[in-house]
Amino acid sequence: MKTFRVAARLLAAFALVVLVPAAALGADTLRVLAWPGYADPDVVKAFERRHDVRVQVTIVGSDEMLWDRVSAHDGADYDVFAVNTAELKRYLDRALVVPLDLTRIPNVAQQQPRFRDRFAIPNLMRDGAVYAVPYTYSAMGLIYDRRQFPVPPTSITALWDPRFKGSVLAFDTGGHNFSIAALALGKPDPFRLDEAAYKEVTAHLVALRRNVLTFYSLPEESVELFRDHRVALLFANYGSQQVQQLKKAGADIGYVIPREGALAWLDCWTITRGVRNKALAEAWIDYMLEKPVSRALTERQGLANTIDASTIDDRKDRIIWLEPVEDASRRSDLWSHIVSGDRPIALGAR
C-alpha cells in the first residue's frame with residue numbers, strides 16, 4: 001500500500017480557514033463541527049450576517065476523528081455537530097449531547113414525513129427527549145472506472161480482487177471497514193462480530209490493505225487520487241457526494257450497489273453539553289433545514305436532503321442502515337494496527 005499525504009494537506013487547508021485563537025472565541029461565536037460540504041463559506045456568511053455572530057467551522061474526515069474532537073474535553077470545545085444515527089448512541093451514552101427544543105427549530109415541520117417520525121429512527125430520542133434532527137443521507141456503494149470495468153462489478157469482494165491490486169481506494173476508518181469485510185465474508189450481522197468473526201474479518205482487512213492503492217479520508221482527496229492514479233474501484237464512503245464530484249472532474253464512472261448490500265448513513269445535527277449559546281446552536285440547525293440551504297447541499301454536493309424526496313428511496317437494491325457496532329473502540333484500535341502493517345495473528349486476540 002502506498003502512502004499519500006493528500007488528506008493531511010486538504011485538512012490543513014480547511015484548518016487555515018477556520019482556526020481562531022481560543023481567547024477570541026466568545027458566546028457570540030458558534031463552534032460547528034461538520035463533514036465536507038455541510039457548511040460552505042457563503043452559507044456560513046449568510047448565517048453570520050443574520051445573527052450578527054461568528055461561526056467557526058471545523059471539518060472532520062472520519063467517525064473516529066469526530067469522536068476524538070467531541071469527547072476530548074467532554075463536549076466543551078464545540079457547540080453543534082453532525083453525526084450519523086449509529087454513532088450518535090456513543091454520545092448519548094456518554095452524556096455528551098443535550099436535548100433539543102424543537103420550538104426553536106420550526107423548520108422540522110418541512111421535513112419529509114419519515115424524518116419527522118422520530119420514534120422510528122434509532123437514537124434520535126432518549127427518555128422522551130429529542131437529541132438530534134436528520135439532515136442528509138446516502139448509501140455507500142462502489143464507484144468504478146468504466147474504462148476498466150466493461151461490465152459493472154456486482155460484489156463487494158471486488159475490492160479484494162488481485163487483478164486490481166494497487167488500483168483500489170478504500171476509506172480510512174475502522175468501523176465501516178470491519179462491517180464491509182464482514183459482508184464480503186458473508187457474516188450474518190456486520191455490526192455485531194463474535195470472537196471467531198473478529199479474527200477472520202481482521203485477516204481479511206489485512207488482505208484489503210495489501211490490495212489497495214491507499215485509504216482516503218475526504219471526498220476531495222478521493223477525487224484527486226482517482227484522477228491521478230488511474231483508480232479502478234472506489235468504496236464510496238460519501239456516496240452520492242463522490243459520484244457528483246468525480247463526474248464534475250470529468251471521470252467516466254459508474255456507481256453500483258453490490259449484491260451483498262450497501263451500508264448507508266443518516267447524518268443528524270445535535271448539540272454538545274458544552275454548548276455556550278444553546279439558542280444560537282438551535283438556530284443553526286433550523287437554518288440548515290431551510291429549503292434554500294438544504295437544496296444547496298443537494299445541488300452542490302449531490303447529497304439527499306430531508307426536505308425533498310430522493311431517488312435513494314426508490315432503489316430496489318439492498319440498503320443496510322448503519323447500526324451501533326459491538327465495540328467501536330476495539331474496531332478503531334485494531335484498524336490502526338492493520339494500516340500500520342501489524343501481523344493479523346496478533347490482532348484478533350483480546
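Side-chain atoms of E260 and S155 include a donor-acceptor pair closer than 3.5 Å. D267 and T136 share no side-chain donor-acceptor pair at under 3.5 Å. Using modelled atom types and a 3.5 Å distance limit, the side chains of R31 and T272 yield no donor-acceptor pair. Side chains of T173 and E64: a donor on one and an acceptor on the other come within 3.5 Å. A donor-acceptor contact closer than 3.5 angstrom is absent between the side chains of E220 and Y238. If you check the side chains of E87 and N84, you find no donor sitting under 3.5 Å from an acceptor.
A donor-acceptor pair is defined here as one N or O able to donate and one able to accept, closer than 3.5 Å; such a pair exists between the side chain of D286 and the backbone of N107. The backbone N or O of L280 sits less than 3.5 Å from a side-chain atom of N277, completing a donor-acceptor pair. The backbone N or O of N237 lies less than 3.5 Å from a partner atom in the side chain of Q242, making a donor-acceptor pair. When atom types are taken as modelled, the side chain of S240 and the backbone of G302 share a donor-acceptor pair closer than 3.5 angstrom.
Heavy-atom neighbours of D127 CG from other residues, nucleotides or ligands within 6.0 Å: at or below the threshold of 12. The number of heavy atoms from other shown groups lying within 6.0 Å of NZ (K278) is above 12. Under a cut-off of 6.0 angstrom, the local environment of CG in D228 is crowded, with over 12 non-hydrogen atoms contributed by other residues, nucleotides or ligands.
W265 has its side chain out of reach of W35: every pair of non-hydrogen atoms, C-beta onward, lies at least 4.5 Å apart.
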N/O donor-acceptor pairs under 3.5 Å from side chains in residues 115-125, not counting sequence neighbours:
residue : atom : partner : partner atom : Å
R116    : NH1  : Q111    : O            : 2.2
N123    : ND2  : T85     : O            : 2.9

Next on the checklist: Walk me through whether Y91 and Y131 qualify under ring pair (Phe, Tyr, Trp, His ring centres under 6.0 Å).
Outcome noted: CA-CA 10 Å; Y91 298 86; Y131 281 83; over 10 Å; no
Item to check | Chi angles and distances behind the ring pair (Phe, Tyr, Trp, His ring centres under 6.0 Å) call for Y287, F47 | outcome: CA-CA 8 Å; Y287 175 66; F47 182 86; 5.3 Å; yes
